[in-house]
Each structure stands twice: as structure tokens, then as C-alpha cells.
Q: 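To start, I am sharing the structure in question, which I have written as C-alpha cells.
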Amino acid sequence: MNPVKKIVKPLEVLVIAGKTGKVTVKYPFEEPLVSPEFRGKIEIDPAKCIGCGACVNACPPNALEMIESEDKKTLRYFVGRCIFCWRCIDVCPVGAIKGTREFELATNDPMDLYDYIVHSKVVCEECKHPSSETARMLKYVWEKAPITENYNNKCPECRKKSFIKAVASRRAGPIGEKA
Amino acid sequence: MEKKLERLKKSIWVFHLNTGSCNGCDIEILDALTPYHDAERFGVKLVGSPRHADVLLLTGPITLESLPKVINAIEATPRPRIIVALGSCGSGGGIWHDTYSTIGGVNNLLKILKERGIEVDAVYYVPGCPIRPEALLYAIALVKGLVEKKAKSKVAVVE
């Protein structure tokens, strides 16, 4: 390469660089460029959530989990496992889950990644044991598909038993009296 | 050790450790190093050997096949060593959290390291599937103490 070209070539690059200008973003010190379609962390509204577990069934990586104990039902959201598919938003029957564009979730404490909603189970009228439903779930079902008040506040087991008993007594008279 | 971590914040050299990831997060790491995002503003440099690195960028759910190599790489990193677990797979196992061939995330790796007596000074979790390049820049800024931590656990009790 001849010596004149050796000097001129970098200068050409400088001219191109001058035309283009500075492209580097100043990101942590300015607002990030996030498109409106971007899917970020989900937020569950505890005022609306009924604890039915539809989102738990739909979640592909089990980021949403229902942890059941004796009288509590806890919906746990672990954002560290979430793949941000937003299927839970599609299936939520009451629209309690909202999507945000939040992606700045980095943390050095793993406990920061967990969100909890603690529901308490209703007590069955007949057997006095906590059933698997929450009070809001029963209310939701009552509004959508009314069932008679006999069965409303019973656990599924007792509901089944009393229903069979009612059908049987209608067919063949009250059980117990016959024998 | 606190003082050593302070010293680390000047300029961090990172080693990219792929532990069976789908290459989504790996591409985003390259994105973060391009002139547009330019992670070198913070003194971040990709190095070719864990012996030169301060931070291990761990992507993937840690397959059983890669586990011995991962442990070797972490052992070779000089103290103070920091692991940055990238993506859903790295930080929690992701979609592979209960499959037969992965150990499922960095938390289970830490248990194995503890059994073997290998210490890790700090672990940073960066959720996202895949992570945005900005999320990686944010994590780097968090390691260096430039930004405040935003993530916080929420506990709500319904009657």
C-alpha cells in the first residue's frame, strides 16, 4: 500500500463515522427502548384473584404453583422460572392477571423472585373440615351456575354424598327406614 | 472479602459459560457487546479462560453432561468469584426445571458446590426468556453498584 493511501484511508473512516454520529445508548442512565408488544413480568391483583388455579394448569414451566396446606391455599409466582408467554392472562376467568413491560428483575437475593398470594379455604358445613375451595371461588361459581343452597357451602365429598342420598330417597323412599 | 468485592467493581472481566442453553441468551450477550449497547462502557470484557475472569455468565439449565465441566470452570475462577445466572433456565431451571437430564438452575448447583467445599462470593439472578440486552446491562450496573435494585417480593393475604 502506498504511504499516501495509508494516511487517507483512516481519515475516510473518520468522515463516515462523523456522518453516522453516536449510536451507543446510555441505557442504565436513561429510559430503555421497549416496544408496546414486549412481554414482561406479570402482576396478579390480590383483590381480584379467586384462587381457582386455572393459571397453574396453563403455565408451561410451572412458574405459577399452588401450594396447598391444611387450611391455606398459596399461589406462588416464581419469576425466575417464568418464560413470559402470558398464557395465564388468557386463561384467568376474572382478569386478575395483568402483563407489564417490566424486565429489570436482576437481583442478588433469590427470595426477591417470589410473589405470594395466600388464600384461606372455606370450612365445609357438614363435615367441618376445610374444603379445597376458597370463598371467592364459591361466589364465582354461584354467580355463573346457580346450584341449590343445600349444596353451596359443602365440600365436594359431602356434596356428592348428599346428592346421591337425595336421588336415592326420591327413587326408593328415605334410606334407613326401609330396612 | 467485602473489600475484595469492592475492588471488583472497577472493571469486570466475564467468562461466558454455556451449560446447555438454547443459544437465545448467548445471542443476547453478543448483542450487549455490540456498539449499540456497548457493555465495554463499564469495563466489561469477554475473556477466553475462567482463570482470567471475575464473573461467570452462566446460561442454560446445567445439564448432567455439562455439570463436571461447570464445576471445573468455577473452581478455576480466582476469588472473589461472582456467578451471574442468565435467563429463566439459569436462574430457576426454566421450562427444563424437572426434566431427567438437567439439575435445574443455579440454586441446585450452589448446593452441589457447597457439598464439595467450593465457595461462591455472590450470585446474581437475571430472569427473562431470553433476557433483553438491557437486562444484562442492568445486571452489570447492579454488580457495580450504579443502579438501585427494583425487584422485591410481594406477599398478599386474602381473607
Side-chain angles (χ1 to χ4, degrees), chain A residues 17 20 22-34 38-41 43-51 59-63 72-85 101-120 134-136, chain B residues 32 34-42 61 82-98 104-107 110 122-144 146-159:
Chain A
T20 315
K22 214 174 185 179
V23 293
T24 309
V25 291
K26 295 175 181 163
Y27 163 61
F29 312 109
E30 68 174 14
E31 284 297 302
L33 191 73
V34 183
F38 176 72
R39 297 188 170 194
K41 191 190 177 184
E43 247 166 32
I44 309 167
D45 188 357
K48 281 186 191 169
C49 178
I50 58 171
C59 188
N62 300 344
K72 289 272 187 289
K73 220 178 170 190
T74 308
L75 180 64
R76 190 183 73 174
Y77 174 51
F78 177 32
V79 73
R81 203 184 280 157
C82 182
I83 58 168
F84 308 104
C85 60
R101 285 155 65 198
E102 187 59 49
F103 66 90
E104 292 158 330
L105 306 162
T107 171
N108 56 353
D109 181 8
M111 293 324 285
D112 284 340
L113 300 172
Y114 292 95
D115 284 352
Y116 297 92
I117 291 182
V118 184
H119 288 279
S120 41
T134 64
R136 284 181 186 173
Chain B
T34 53
Y36 184 71
H37 293 293
D38 203 10
E40 276 186 45
R41 286 178 290 158
F42 307 109
I82 295 179
I83 292 180
V84 176
L86 292 180
S88 295
C89 297
S91 52
I95 204 103
W96 318 109
H97 69 102
D98 56 355
V106 77
N107 278 341
L110 290 178
V123 182
Y124 284 81
Y125 301 81
V126 189
C129 189
I131 52 156
R132 289 176 72 86
E134 285 101 335
L136 179 56
L137 291 180
Y138 179 82
I140 290 163
L142 193 70
V143 173
K144 287 168 72 78
L146 296 173
V147 290
E148 293 274 306
K149 192 165 76 177
K150 280 185 189 173
K152 211 181 169 191
S153 178
K154 282 177 204 155
V155 179
V157 180
V158 179
E159 83 291 336

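In this text, all values refer to a predicted model and were calculated from it rather than measured experimentally. As a basis for the values below, the full set of heavy atoms in this structure was taken, side chains included, without hydrogen atoms, waters or symmetry mates. Residue numbering restarts at 1 for every chain, and letters A, B, ... go by the order of the sequence lines.
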Q: For the CG atom of B/Asp38 and the NZ atom of A/Lys26, what is their distance to the nearest 0.5 Å?
A: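 Separation between the atoms: 13.0 Å.
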Q: Given a strict heavy-atom distance threshold of 4.5 Å, which part of A/Leu113 is in contact with chain B: side chain, backbone, both, or neither?
A: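 For A/Leu113, the contact with chain B is made by the side chain alone.
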Q: Considering non-hydrogen atoms only, spot the tightest contact between B/Ser88 and A/Cys82 and give its length.
A: OG-O, 2.5 Å
Q: Might you point out which heavy atoms bring A/Phe103 and B/Ala135 nearest each other, and give the distance in Å?
A: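 The answer is CE1-N, 3.7 Å.
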Q: Considering only heavy atoms, which portion of A/Phe38 lies under 4.5 Å from any heavy atom of chain B: side chain, backbone, both, or neither?
A: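 The side chain, not the backbone.
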Q: Rounded to the nearest 0.5 Å, how far does CD of A/Glu104 lie from CZ of B/Arg132?
A: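 So the gap between those two atoms works out to 9.5 Å.
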Q: Which of the residues B/Val106, B/Ile95, B/Thr34, B/Val84 is involved in the greatest number of heavy-atom pairs with chain A at under 4.5 angstrom?
A: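 Among B/Val106, B/Ile95, B/Thr34, B/Val84, the one with the most close pairs to chain A is B/Ile95.
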Q: Go through the atoms of B/Lys149 and report whether side chain, backbone, both or neither lie under 4.5 Å from a heavy atom of chain A.
A: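 Looking at B/Lys149, just its side chain touches chain A.
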Q: Pick whichever of A/Met111, A/Arg136, A/Glu102, A/Arg39 has the most heavy-atom pairs under 4.5 Å with chain B.
A: A/Arg136
Q: If you look at every heavy atom in B/Pro127 and A/Phe84, which pair is closest and at what distance?
A: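 Minimum heavy-atom separation between B/Pro127 and A/Phe84: C-CE1, 4.5 Å.
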Q: Looking at chain B, which one of A/Pro110, A/Cys49, A/Pro32, A/Cys59 has the largest number of heavy-atom pairs inside 4.5 Å, strictly under?
A: A/Pro110
Q: Quick one: are B/Leu142 and A/Asn108 in side-chain contact, heavy atoms under 4.5 Å?
A: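 Side-chain contact under 4.5 Å: no.
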Q: Taking A/Thr134, A/Asp112, A/Leu33 one by one, which has the highest count of heavy-atom pairs under 4.5 Å against chain B?
A: A/Asp112
Q: Heavy-atom cut-off 4.5 Å, strictly under: side chain, backbone, both or neither for A/Arg76 against chain B?
A: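 Contact with chain B: none, neither part.
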Q: Could you tell me whether a side-chain N or O of A/Thr107 sits under 3.5 Å from a main-chain N or O of B/Tyr125, the two making a donor and an acceptor?
A: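 Side chain of A/Thr107 to backbone of B/Tyr125, a donor-acceptor pair under 3.5 Å: no, none is there.
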Q: Of all of B/Ser91, B/Gly94, B/Ala139, which one pairs up most often with chain A through heavy atoms under 4.5 Å apart?
A: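 Among B/Ser91, B/Gly94, B/Ala139, the one with the most close pairs to chain A is B/Gly94.
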Q: Tell me, out of B/Val123, B/Val147, B/Ile82, who's got the most heavy-atom pairs with chain A below 4.5 Å.
A: B/Val123
Q: Between A/Tyr27 and chain B, which part of the residue has a heavy atom less than 4.5 Å away: side chain, backbone, both or neither?
A: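 Looking at A/Tyr27, backbone and side chain both touch chain B.
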Q: Looking only at non-hydrogen atoms, find the nearest pair between A/Val23 and B/Pro35 and report the distance.
A: CG2-O, 4.3 Å
Q: Counting neighbours of CD on A/Glu30 that are heavy atoms of other residues, nucleotides or ligands and sit closer than 6.0 Å, is the number greater than 12?
A: yes
Q: Most heavy-atom pairs under 4.5 angstrom with chain A, which of B/His97, B/Lys152, B/Lys150, B/Arg41?
A: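 Among B/His97, B/Lys152, B/Lys150, B/Arg41, the one with the most close pairs to chain A is B/His97.
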